[in-house]
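Whatever order the structure lists ligands and atoms in, that order sets their numbers, starting from 1.
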Amino acid sequence: MNLLILGSGGREHALTWKLAQSKKVSRIFIAPGNAGTSVSGTNLNVDPGNFTEVKKAVLENRIDIVIVGPEAPLVDGIHDFFLADPDIRNIPVIGPDKSAARLEGSKDFAKEFLTRNNIPTASYRSFDKETAGEVHSFLKTLSPPYVIKADGLAAGKGVLIIENLEEAEEEVKSILNGKFGKAGNKVVIEEFLKGIELSVFIITDGRTYKLLPEAKDYKRVGEGDTGLNTGGMGAVSPVPFADNKFMDKVRQRIIDPTMEGLAKENITYKGFIFFGLINVKGDPYVIEYNARLGDPESEVVIPRIKSDMFELIEGVAKGDLHIRTVEFDDRVATTVMAVSGGYPGEYVKGKVVTGLNNVAGSVVFHAGTSKKTDEVITSGGRVLAVTSWGKSIKEALAFSYHNLSFINFEGMYFRNDIGFDL
Ligand code: AMP
Ligand code: GLY
């Protein structure tokens with residue numbers, strides 16, 4: 001089997017690393033990939049958002065299955081593009097079609113779906129330009145802080161949490177007036193939930209699903225969960241509070257009703273579903289759905305899959321996921337992200353990364369790197385995710401931090417306190 005993985009981050013490197021270990025997989029191509037993916041696969045200079053280019057790459061390289069890493073091509077309809085083209089119709093795309101990807105692509109759709117299906121989530125109301133006049137009176141029914149979300153994809157910047165009512169109202173207006181472009185044609189305002197977050201993943205062929213290991217992501221740039229939001233500074237799996245009792249609630253109250261809701265609404269979902277959950281006094285609530293795996297969660301979730309992950313991919317491709325099995329590694333996995341100085345604000349790219357060959361006992365997943373002759377250079381804000389296994393969170397983290405001490409690039413920064421709250 002030849003696979004094409006779309007994307008260029010740590011998630012895509014983790015997928016490449018894992019799937020390259022499968023006996024059933026011959027070649028892996030990654031578009032566009034990074035310096036790390038080029039070790040176990042072949043990078044293609046193709047933009048995942050250019051579906052015609054993707055098609056060309058699929059035909060030229062005799063691809064059997066396409067796996068979509070990031071959300072944008074899914075929300076833009078890459079799955080539908082394949083189904084509509086006789087040349088590539090039979091090549092399975094792992095990732096939902098446009099209608100199913102609305103779970104991530106439209107917060108308003110997701111909230112309506114959650115509400116219709118009685119799935120626990122924060123209470124909310126959506127507004128557009130026509131109903132903007134009612135924002136003030138709705139905000140007054142909530143207690144601060146106010147959670148304000150642009151409806152569409154806004155590169156991770158579309159969620160604002162604001163203490164002051166007047167400021168919140170101003171923000172809603174500026175989003176409706178185009179602050180995030182079309183993504184802000186609608187705004188969701190919701191109740192603030194207090195609790196600790198975790199990420200739960202399933203893979204589904206549209207009929208049955210397999211639960212994957214859960215993870216906790218550390219989103220803030222600063223230690224002690226302070227400072228600006230990032231794409232994620234590190235992750236841990238398993239999550240200690242996600243015990244059997246809690247995960248039973250997640251299955252019964254959230255995953256099963258989501259699957260039933262999709263079936264009832266004739267939405268055939270093929271791919272990964274990422275449930276962004278919050279634990280409020282022992283009860284799980286949905287903060288958001290994503291139509292893909294998380295990053296950096298993938299860099300701990302995938303390393304905890306002990307069995308052949310291609311079985312799951314093939315199960316979705318063939319629609320026989322129910323006969324496939326998945327086995328987890330009991331050990332803890334942790335990952336610590338090394339980022340460019342200044343991230344998530346402005347930062348400089350093109351810094352030479354040294355010391356990668358000195359790493360032992362951890363796996364380094366590349367997130368934002370490229371190759372320049374024989375050197376690895378930085379090409380993004382999040383640069384490397386150093387993943388390790390251990391008997392405990394503490395033991396796994398000790399390996400990650402030890403190996404990080406060998407790695408260097410100018411301006412390199414990482415959080416020293418991943419897992420501090422667990
Ligand atoms: P989202 O992009 O929807 O995941 O939101 C980004 C972040 O905002 C989440 O990871 C949470 O930390 C926070 N957040 C979103 N919705 C809520 C909510 N209703 N209550 C508390 N925090 C929230
Ligand atoms: N780490 C959060 C995400 O992938 O959205």
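- Shown in contact with K107 at under 4.0 Å from a heavy atom are these atoms of ligand 1, numbered in order with element: 1 (P), 2 (O), 3 (O).
- Of all atoms in ligand 1, numbered sequentially from 1 with element shown, those under 4.0 Å from a heavy atom of E190 are 16 (N), 17 (C), 18 (C), 19 (N).
- With ligand atoms numbered from 1 in the order given, ligand 2 contributes 3 (C), 4 (O), 5 (O) to contacts under 4.0 Å with heavy atoms of F274.
- Counted within 6.0 Å of CD on E134, heavy atoms from surrounding residues, nucleotides or ligands total more than 12; the atom is thus considered enclosed.
- Under the 30°/60° scheme for interplanar angles, the aromatic rings of F127 and F138 are found to be tilted.
- In summary, the atoms of ligand 1 found under 4.0 Å from a heavy atom of K149, numbered by their order in the structure, are 3 (O), 15 (C), 16 (N).
- Under a cutoff of 6.0 Å and an axis angle of 45°, K216 and Y218 form a cation-pi pair.
- In this structure, G231 counts as a contact residue of ligand 2, since one of its heavy atoms falls inside 4.0 Å of the ligand.
- Summary of contacts: the protein heavy atom closest to atom 11 (C) of ligand 1 is E197 OE2, 3.1 Å.
- With values rounded to the nearest 0.5 angstrom, E223 atom CD is found 8.0 Å from I418 atom CD1.
- The shortest distance between side-chain heavy atoms of I202 and L212 does not fall below 4.5 Å.
- Protein heavy atom nearest atom 1 (P) of ligand 1, with residue, atom name and distance: E288 OE1, 3.4 Å.
- For K318, the NZ atom counts as loosely surrounded, since its 6.0 Å shell holds 12 or fewer non-hydrogen atoms of other residues, nucleotides or ligands.
- Taking a cut-off of under 4.0 Å to the non-hydrogen atoms of F192, the atoms of ligand 1 that pass are 20 (N), 21 (C), 22 (N).
- Distances shorter than 4.0 angstrom occur between a heavy atom of P296 and an atom of ligand 2.
- Here F201 and F272 keep their ring centres 6.0 angstrom or further from each other.
- From the protein, the heavy atom lying nearest to atom 2 (C) of ligand 2 is D217 OD2, 3.5 Å.
- At a heavy-atom distance under 4.0 Å, only side-chain atoms of R292, from C-beta outward, approach ligand 2.
- Put simply, the residue from T42, T369, N43 that forms a side chain to side chain donor-acceptor pair (under 3.5 Å) with T37 is N43.
- Heavy-atom proximity to atom 20 (N) of ligand 1, evaluated over L193, V159, D225, is greatest for L193.
- Here's the thing with D295: one of its N/O atoms is less than 3.5 angstrom from an N/O atom of ligand 2.
- For R220 and T226, the side-chain atoms include no donor-acceptor pair closer than 3.5 Å.
- Near E191, with a cut-off below 4.0 Å to any heavy atom, the atoms of ligand 1 are 18 (C), 19 (N), 20 (N).
- Salt bridge annotation for K186-D108: present, with a cationic side-chain nitrogen under 4.0 angstrom from a carboxylate oxygen.
- Rounding to the nearest 0.5 Å gives a distance of 14.5 Å between CZ of R125 and CD of E190.
- The line from CD1 of I255 to CD1 of I273 is 8.5 Å long, rounded to the nearest 0.5 Å.
- Of all the listed residues (I278, T121, N290, I287), I287 holds the heavy atom that lies closest to atom 17 (C) of ligand 1.
- Contact atoms of ligand 1 toward A122: 19 (N) (distance under 4.0 Å to a heavy atom of the residue).
- Residue contacts with ligand 1 for I161 involve side-chain atoms from C-beta outward but no N, CA, C or O (heavy atoms, distance under 4.0 Å).
- Those atoms of ligand 2 with a heavy atom of G294 less than 4.0 angstrom away are 4 (O).
- Taking every heavy atom of K219 and a limit of under 4.0 angstrom, the matching atoms of ligand 1 come to 10 (O).
- For the pair R324 and Y209, the cation-pi criterion (under 6.0 Å, within 45° of the ring axis) is not fulfilled.
- Polar contact with ligand 2: present for E297 (N/O pair, distance under 3.5 Å).
- Under the 4.0 angstrom criterion for non-hydrogen atoms, G232 is not in contact with ligand 2.
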